[in-house]
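Predicted, not measured: the structure shown is a model, and the values here were computed from it. Computed over heavy atoms, backbone and side chain alike; hydrogens, waters and symmetry mates excluded.
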Amino acid sequence: MFDTSEGFRHTCFITNANALEIDAAALECRHRGHARVEDRVRCWKDCGLQNLPFASFTQNLTWVATSLIAGALIAWAQMICFDGELKVAEPKTLRYRILHVAAVLVRRGRRLILRLDETWPWTETLRRAFLRLRAAFP
């Protein structure tokens, strides 16, 4: 139906916006911005927002707030600390590669030292992320 042999991907969206007031490029920009919001909501669902484990409204409200903080921290860490593949990775990937590593944070001689498991495949990535975090907040 569409020409995919040359690598083009066609998308369409339906809107009730007045075509005389807003041009197609502005509509496309608005649509892509909303897609990013939906992507972030999907990532927050992976951080615990998908299931509300308690029967009480107040406890579930606390759970939602905690999972949103976790999602925001992951998004912040991706912007500040990581590059390449981990900068755009899903929360499940970050949880496996970064958050499950055996590490100890040690203070020695007024210095903060991160001791990592040297056999972990992503040790160097985590070391670089820690150095970027320390450089961001001296």
Donor-acceptor pair, side chain of Lys87 and main chain of Met79, under 3.5 angstrom: yes
Remaining members of the apolar cluster that contains Phe130, side-chain heavy atoms under 4.5 Å: Ile74, Phe82, Leu86, Leu94, Tyr96, Ile98, Leu99, Val101, Leu105, Leu112, Leu114, Leu116, Trp120, Trp122, Leu126
Under 4.5 Å side-chain heavy-atom separation, chaining through any Ile, Leu, Val, Met, Phe, Trp or Tyr, what else clusters with Leu73? Say none if it is isolated. Ile69
Thr125 and Arg127: CA distance, side-chain angles, deciding distance, side chain to side chain contact (heavy atoms under 4.5 Å, CB included) verdict: CA-CA 5 Å; Thr125 303; Arg127 184 174 288 128; over 6 Å; no
Where do Cys43 and Pro91 come nearest, in terms of heavy atoms and distance? O-CG, 3.6 Å
Which residues satisfy the salt bridge (Lys or Arg N to Asp or Glu O under 4.0 Å) test with Asp83, sequence neighbours excluded? Arg132
If you count the non-hydrogen atoms of other residues, nucleotides and ligands that lie under 6.0 Å from CD in Glu85, is the total more than 12? no
Could you tell me which non-hydrogen atom of Ala89 sits nearest to which non-hydrogen atom of Gln78, and how far apart they are? O-NE2, 2.7 Å
Residues which pass side-chain contact (heavy atoms from CB on, under 4.5 Å) with Pro53, listed by chain and number, not counting sequence neighbours: Asn60, Trp63
State the OG-NZ distance between Ser67 and Lys45, to the nearest 0.5 angstrom. 11.5 Å
Listed by chain and number, what are the salt bridge (Lys or Arg N to Asp or Glu O under 4.0 Å) partners of Arg42, not counting sequence neighbours? Asp39, Glu90
Can you list the other members of the hydrophobic cluster that holds Leu61, where links are side-chain heavy atoms under 4.5 angstrom apart? Phe57
N/O donor-acceptor pair under 3.5 Å between Thr62 side chain and Thr58 backbone: yes
Say you draw a straight line from NZ of Lys92 to CZ of Arg97; how long is it, rounded to the nearest 0.5 Å? 14.5 Å
